[in-house]
Amino acid sequence: LPPKALRNLEQSFAEHMRAGLGAAGLGFGTLRSFATPRRLAVSVDALDCAQSQQSVEKRGPPLAIAFDAEGKPTRAAQAFAEGCGVSVESLGRTETSKGAWLHYRAEVAGQPAQDLLPGIVSDALAALPIPRRMRWGDGDTEFVRPVHWVVMLLGAEIVPGSILGVPASRHTRGHRFHAPEPVELQCAGDYLRVLATNRVIADFSERRERVKQLAEAAAGCVSGRAMIEADLLDEVTALVEWPVALTGRFDAAFLRLPEEVLIATLQGHQRYFPVRSGDGCLLPNFIATANIESRDPDQIRQGNERVILPRLSDAAFFWDQDRQASLESRLERLDSVVFQKGLGSLRERSVRVARLARGVAEKLGSAAAHAERAALLAKADLLTQMVGEFPELQGRMGYHYAKLDGEPAEVALAIEEQYLPRHAGDRLPASPTGRALSIADRADTLAGVFALGKRPSGAKDPFGLRRNALGLLRIMVEDRVDLDLPELLREAVALQPVHAKDPAALAGELFEFIMDRSRAYYLEGLAPDLPAGAISSDMFEAVRSRKTGSLVDFHARLLGVCAFMRLPEAESLAVANKRIANILRSANTDTVTVDPSLFGFSEEGALHKAVEKAAAAHRQHLQRRDYEQALCALAGLRSPVDDYFAAVLVMAEEAAVRSNRLAQLRRLQQLFLDVADLSCLTGSPN
């Protein structure tokens, strides 16, 4: 089975089996799943032997159609009765608001589990996320790989039926080499024990932990510690059924290469675990995981050492060859590499990004010349032999080559950091120049692809625009990069070789696209200081409606709304804001000038005094972007607002009084709108 997909196949199989058993009405206790390179399996404890008694109800044709004028059953009534296996006379009648109908009701015994299981298993296998299925032999059966045997037991009994064209039996197989003959299972409960006896650890998690422990122990034998990354550990686990760790060695002369190259060779090409010393240096050792317990392990060790030698020799050759030409000398060749049809070459793109990066750096007060230089050199390492062999090292090799070329340290580091964050949860650029370059690079990609009209559609996002948008968002929010994002996007759109009919509209569409990504970012609890569940959809919309262009400012406003919604006054003031918004919308007035001489109620004066007192401190809070304190201070208006609405009729008959009261509400509303539109809030505070 494909190693990188094995864990997903196992989990999906278990999920669909749970759903299938539930839909069939078969109760069960626990369900465990197992996966090795040669098998997918589930074990279900305490499964019901049969469905419970089923109530069957069917509605037939209307009585007007079921019987003719003489009251005799028509063909429609007879066909319905035959389908139910009864006579027309035994059918019931049911009354609905739409008339009377023939009706069939019966209690039938549930089907045995053994009759249902083949269909449930087949449906679960058909639903597995297999992008490309294959056929074998002369049959039409399709699966991810050819199927050689099927075990399906209910207790000690074989469940009759075929799965993927193979009849079910009680014979499984052990390890391909240690126990190649068929092995008989007396009952379903023997599965794990029998396989373990035949050198197969069927449980993926147990086998994964075994691989990890063996690798750590083997590394300890050479006074080191194994570098065990989760993805590689999963892949190695999916390649073996009976893991055996072996410690290999390579020529220490290869340690002159950047350690990323050695690690990529060991991990990516050979699925080995590299080894570090106690002080963190890479050792000339590796841990290989075999799928066989050999009588002569030295032969396997030597074989792995022979295999890794040409790989490392190639890497050393690439390194030596690449160092003979500087990154700058490769820039002209970028003219011949198309970035994307319609968006020019990589050289042209580098020039666009350089202009954007310089502008971003200037706005952030960092070294604009370094940002521009890093952007011009950023893609040059794509033309090196090393990156051609190890694409995952793009940027990182650019860092090494830039340092060797004598480029400033900030430029070299930014070349590596341009790709950060590569994925959700990845680290962010640490240097100001790296941040400027990463932001500019993402803005150019988004603007260019949008200008071509190739926006993401459904689950399709071939240019990774959603990932780009989320990376841009994370850098700005988490590193507090306070930029006018709409302005940046307008600049990026203007630099594109594809001229949009309405550049301003395209930039606005891009901004909304990024804000749509930010919704998930906040609602799923990915943002700092705001755990999952802290921000609701209506809280997000309350801030989004204010159209702030700074994501740093947006984040501060959300923090303020989140803190405000925890106050006891929040719900009442949110309701009052909604009421005010409805009144002002229907009144269609913009005036905010309030004349105290027109007050007719003491509550008007009290509210006016409270608003004016709050406004003075409010301006200071806004200047500091202390939106939390701004809204918390406005919470003190709850009592005068509640009293006002209890005593005052806003829409008074006298025009001047009515206009003055509307102005007072507009003034009150504006204080809250300075932070967020609380009228958007529909839920109760947290």
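Donor-acceptor pairing under 3.5 Å is recorded for the side chains of R585 and N582. Looking only at atom types and distance, the side chain of D553 has a donor-acceptor partner in the side chain of Y627 under 3.5 Å away. A side-chain N or O of D322 and one of Y401 form a donor-acceptor pair less than 3.5 Å apart.
Within the 4.5 Å cutoff, side-chain heavy atoms of P421 are placed close to those of L428. Counting heavy atoms from C-beta outward, R517 and L472 have side chains that stay 4.5 Å or more apart. Proximity of F554 to F540: side-chain heavy atoms (C-beta onward) are separated by under 4.5 Å at one or more points.
The environment of CG in D231 is sparse: at most 12 heavy-atom neighbours from other residues, nucleotides or ligands sit within 6.0 Å. Heavy atoms of other residues, nucleotides or ligands lying less than 6.0 angstrom from NZ of K363 number more than 12. Counting heavy-atom neighbours within 6.0 Å of R519 CZ, excluding the residue itself, gives a total above 12.
Although no hydrogens or angles enter the test, the distance criterion places no donor-acceptor pair under 3.5 Å between the side chain of E372 and the main chain of A369.
Ring centroid separation for the pair F318 and F390 does not come in under the 6.0 Å cut-off.
The structure places CE of M565 at 6.0 Å from CE of M539, a figure rounded to the nearest 0.5 Å.
Applying salt bridge (charged side-chain N to carboxylate O under 4.0 Å, His left out) to R544 and the options D538, D516, D677 leaves one that passes, D516.
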